[in-house]
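Worth knowing before you read on, the calculation uses all heavy atoms, side chains too, and leaves out hydrogens, waters and symmetry mates.
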Amino acid sequence: METQRVQAQEPFVASVGPNANAVPVARGRAIVVTSGKGGVGKTTTTANLGVALAARGARVVLIDADVGLRNLDLVLGLESRIRHHLLDVLEEKVTLDDALVRDKRVENLFLLAAAQNREKDDVPTEAMRGLVEKLRAAYDYVLIDSPAGIEMGFKNAIAAAGEAIVVCTPEVAAVRDVDRVVGLLGNDLSAQLIVNRLRPALVRKGKMLSVDDVNAILRLPLLGVIGDEPEVIVATNRGEPPALAANSPTGAAYRAIAARIAGEDVPAPQAAQAEGFLDKLGAFFGGRAK
């Protein structure tokens, strides 16, 4: 995978309504981060990959497409600086420059927040696609944090993307939901997998699905594995992405995944082999019943 780099362009003003000018030639990569069900770490993944890519020198913009349930600003610690949101831009109430918020630690990382008091159906698909195309002309990476579920918000998020990162926890319900989502992505959207919140000790005891178990169903290229570490919850509550922490194992994993996205030949972390998929399923359900 070859890294695409775009020279910084500031200021960047875009009009995305019916009177917008012709969309410039797209150069950056638009990647949707999705999973199907909520609570698996899509937003945390989006924030940390954005931070890690920007820390490498790429120009990155994050779009919170979860209209009505804004959280990406909290994970980044930018909630106090949000004045405008995605729909303000799409409805031409403000310019894109007015709505974009620059990260306080990595200067080439920007956030476009979601609206908290609107509905996902309020976002016109074509306008969303046009906005992302304009952002691709000025940024190396446009990461779109997809909402949970497979309704209108999901359709808007994937409509504008050229690639997908699918986040899945090692749980049977999560795997089933992701399998459905992968089917909805279609053949035009290349997808890669991140297995999140893996506990190797539980895998070894047969009480959690392994990476191999998960991918026995999904059969996606593995982008990386993130362990289930307490530091992630603490960092998220503080608005401090682990990807910026030099001594964080979780941060190192996100940085390695970012390197793989950028085209570096970095191996994806692998979990220990499990005894077998059917045996593991039985142990997993038994463990949950305790």
Side-chain angles (χ1 to χ4, degrees), residues 2-34 46-47 49-51 53-54 56-67 70 72-73 76 78 81-103 106-115 118 120-147 152-165 185-186 188-190 261-262:
E2 184 178 352
T3 306
Q4 300 185 40
R5 302 301 298 275
V6 180
Q7 295 296 319
Q9 302 177 21
E10 292 212 40
F12 179 69
V13 180
S15 173
V16 295
N19 298 320
N21 295 325
V23 176
V25 176
R27 289 171 288 177
R29 293 165 59 185
I31 306 174
V32 62
V33 181
T34 186
T46 303
L49 291 183
V51 165
L53 286 166
R56 293 172 54 86
R59 191 166 159 83
V60 182
V61 60
L62 309 180
I63 300 178
D64 191 342
D66 198 358
V67 174
R70 186 172 79 203
L72 192 51
D73 57 319
L76 291 166
L78 299 176
R81 297 171 55 191
I82 303 300
R83 297 291 179 269
H84 304 288
H85 52 70
L86 171 65
L87 276 162
D88 286 336
V89 177
L90 295 181
E91 294 171 351
E92 299 188 307
K93 295 177 180 177
V94 300
T95 67
L96 185 54
D97 275 347
D98 288 334
L100 287 173
V101 175
R102 187 192 297 266
D103 186 78
V106 187
E107 66 175 10
N108 48 326
L109 175 65
F110 296 82
L111 168 67
L112 180 57
R118 301 287 294 273
K120 295 175 177 62
D121 289 347
D122 292 340
V123 180
T125 301
E126 286 306 314
M128 180 73 171
R129 183 181 288 112
L131 171 63
V132 171
E133 289 300 300
K134 286 177 178 291
L135 287 168
R136 289 180 64 198
Y139 291 87
D140 298 308
Y141 298 96
V142 182
L143 301 186
I144 306 164
D145 184 18
S146 174
M152 193 63 189
F154 168 78
K155 294 175 182 177
N156 284 335
I158 68 171
E163 307 169 48
I165 293 174
L185 291 176
D188 296 332
L189 206 62
S190 61
I261 293 172

Non-hydrogen side-chain atoms of I63 and M128 separated by less than 4.5 Å: yes

side-chain hydrogen bond (donor to acceptor under 3.5 Å, both in side chains) against S190, all qualifying residues, sequence neighbours excluded: none

Side-chain touch D64/L112, heavy atoms, less than 4.5 angstrom: no

Contacts of type salt bridge (Lys or Arg N to Asp or Glu O under 4.0 Å), residue D88, not counting sequence neighbours: none

Shortest non-hydrogen contact between A164 and L189, atoms and distance: CB-CD2, 4.1 Å

Any I31 side-chain heavy atom under 4.5 Å of I261 side chain: yes

Residues forming a side-chain contact (heavy atoms from CB on, under 4.5 Å) with A157, sequence neighbours excluded: V32, A65, I144, S146, P147

Interatomic spacing from CZ in R59 to CG in D140 - rounded to 0.5 Å: 8.5 Å

Sub-4.5 Å side-chain heavy-atom contact between V67 and L86: yes

Over-ring placement of R102 relative to F110, 6.0 Å and 45° cut-offs: no

Side chains of L185 and I158 in contact at under 4.5 Å (non-hydrogen atoms): yes

Nearest atoms (heavy-atom pairs only) where L62 meets G50: CD2-CA, 3.9 Å

